[in-house]
Amino acid sequence: MFRELGAFLDSIKARDPAPRSRWEVLLYPGVLAIGLHRFAHWLFKGELYFFARLINHIARFLTAIDIHPGAKIGRHLFIDHGFTVIGETAQIGDNVTIYQCVTLGGTNPTNGVGGKRHPTIEDDAILGSGAQVLGPITVGKRARVGANAVVTQNVPEGATMVGVRARPTLVEAKDYQKEFVPYGTPCSEAFDPSTQKLEILQCEMEQLQKRIAAFAKERAKNDDKIETKGRDSA
């Protein structure tokens, strides 16, 4: 048990440059929230729903992290800071990183049957600050969801999603090949869809200006030729 705890703390330390030792990591609200959730989930599986909910409320009061006792969480989940909500039927794989103010929310089933209402987050995924992942969708392995993105459709493995509604964006190979990227997406204007559209429009504008200049130059030459012919004929 202590070996597993040590591996868990080391996995967090590898993803967060702030702590100097395992002792600091033990004070993280995410660590306490996950520890209490393990106990609450055990009670939930034993159909002791009231006591599971009680542990859930205590954890939420202490950490500002709300994890439903029914949620299934894999190994080495890192919740950095609080104000995160994880719904009842959510499933989280191994080595997932979730930053503050993330919601793994559910949708109202149209058939009236509860079933799977919350997302499935596969191994090594990263959810940036304020991301909203809604419905029974799947976020693939090593996928990254950028800050404040709203995800309502399945995310392919290794994709980087940004925007509202979230859409995939191109990421350079040197960034994609990194084992871990803080906050889920490179913090550069080059990866902003709005910036990319402006750059495309700027390129098109430059091409049009060149064509107009060439056309004006050609027309000026033709005007000169016509004027010269008119003088000669006169």
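Given the structure is predicted, the values throughout are model-derived calculations rather than measurements. We number each residue from 1, following the sequence as shown.
Both I58 and F61 are assigned to one and the same hydrophobic cluster, defined by single-linkage of ILVMFWY side chains at heavy-atom distances under 4.5 Å. Note: the hydrophobic cluster containing V133 does not contain V164 (ILVMFWY, side chain heavy atoms under 4.5 Å, direct or indirect links). Under the 4.5 Å side-chain contact rule for hydrophobic residues, V31 and L62 do not share a cluster. Tracing side-chain contacts under 4.5 Å through hydrophobic residues (I, L, V, M, F, W, Y), one reaches F50 starting from W42; they form part of the same cluster. Cluster membership for L54 and Y49, using ILVMFWY side-chain heavy atoms within less than 4.5 angstrom, is not shared.
Remark: N56 CG to F39 CZ distance equals 13.0 Å, nearest 0.5 Å. The line from CZ of R15 to OG1 of T97 is 4.0 Å long, rounded to the nearest 0.5 Å. Separation of atoms NE2 (H37) and CZ (F44) is listed at 9.5 Å; rounding is to 0.5 Å. To the nearest 0.5 Å, the span separating CG on L208 from CD on E206 amounts to 10.5 Å. Distance check, rounded to the nearest 0.5 Å: CG of L48 to CD1 of I55 gives 11.0 Å. Separation of atoms CD1 (I67) and CG (L36) is listed at 9.0 Å; rounding is to 0.5 Å.
Between the side chain of R142 and the backbone N or O of I126, no donor-acceptor pair lies under 3.5 Å. Remark: the backbone N or O of V96 is not paired with any side-chain donor or acceptor of D124 at under 3.5 angstrom. Side chain of H81 to main chain of P29: no donor-acceptor pair is present (N/O by atom type, distance under 3.5 Å, no hydrogens or angles).
Here the shortest heavy-atom pairing between G140 and A125 reads O-CB, 4.1 Å. When all heavy atoms are compared, the tightest approach of Y99 to V102 is O-CG2, 3.1 Å. Annotation for A143 and P156: closest pair CB-O, 3.8 Å, computed over non-hydrogen atoms. Of all non-hydrogen atoms in T84 and C101, the two that sit nearest each other are OG1-N, 3.8 Å. When every heavy atom of A40 is checked against every heavy atom of P69, the shortest pair comes out as O-CB, 3.9 Å. Across all their heavy atoms, F83 and I65 have their closest contact at N-CG1, 4.3 Å.
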**OP:** Could you walk me through whether L127 and L104 pass side-chain contact (heavy atoms from CB on, under 4.5 Å), step by step?
**Re:** CA-CA 10 Å; L127 307 183; L104 303 185; 3.6 Å; yes
**OP:** Please lay out, stage by stage, how L9 and W23 fare under the test side-chain contact (heavy atoms from CB on, under 4.5 Å).
**Re:** CA-CA 9 Å; L9 298 178; W23 296 105; over 6 Å; no
Subject >> Check against side-chain contact (heavy atoms from CB on, under 4.5 Å), D10 and R22 >> reply: CA-CA 7 Å; D10 287 340; R22 290 178 175 178; 2.7 Å; yes
**OP:** Please test L32 against I34 for side-chain contact (heavy atoms from CB on, under 4.5 Å), starting from the C-alpha separation and ending with a verdict.
**Re:** CA-CA 6 Å; L32 177 59; I34 293 170; over 6 Å; no
Subject >> Criterion salt bridge (Lys or Arg N to Asp or Glu O under 4.0 Å) on E88 and R117, from CA distance to verdict >> reply: CA-CA 8 Å; E88 177 185 4; R117 310 186 309 279; 3.2 Å; yes
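Under the side-chain contact (heavy atoms from CB on, under 4.5 Å) criterion, D94 pairs with R75, D123, not counting sequence neighbours. Under the rule for a side chain to side chain donor-acceptor pair (under 3.5 Å), the partners of H118 that lie at least two apart in sequence or sit in another chain are T89. A search for salt bridge (Lys or Arg N to Asp or Glu O under 4.0 Å) contacts involving E218 returns nothing, not counting sequence neighbours. Under the side chain to side chain donor-acceptor pair (under 3.5 Å) criterion, N95 pairs with H76, sequence neighbours left out. Legend: residues meeting ring-ring contact (aromatic ring centres under 6.0 Å, His included) with F51, ordered by chain and number and at least two apart, are absent. Partners of E122 according to the salt bridge (Lys or Arg N to Asp or Glu O under 4.0 Å) rule, which considers only residues two or more places apart in sequence or in another chain, do not exist here. Taking V85 as the reference, D66, T103 meet the side-chain contact (heavy atoms from CB on, under 4.5 Å) condition, with sequence neighbours excluded. Annotation: side-chain contact (heavy atoms from CB on, under 4.5 Å) contacts of K72 (sequence neighbours excluded): H41, Q91. Contacts of P19 classified as side-chain contact (heavy atoms from CB on, under 4.5 Å), with partners at least two apart in sequence or in another chain: K13, D16, E24, V25, Y28.
In the hydrophobic clustering, M205 connects to no other residue, as no ILVMFWY side-chain heavy atoms lie under 4.5 Å from its own.
The salt bridge (charged side-chain N to carboxylate O under 4.0 Å, His left out) contacts involving residues 25-54 comprise nothing, where partners must be two or more places apart or lie in separate chains.
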Side chains of residues 148-155: which donor-acceptor partners sit under 3.5 Å, not counting sequence neighbours?
residue	atom	partner	partner atom	Å
Q153	OE1	R165	NH1	3.2
N154	OD1	T138	N	2.8

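Within the 4.5 Å cutoff, no side-chain heavy atoms of T120 are placed close to those of I137.
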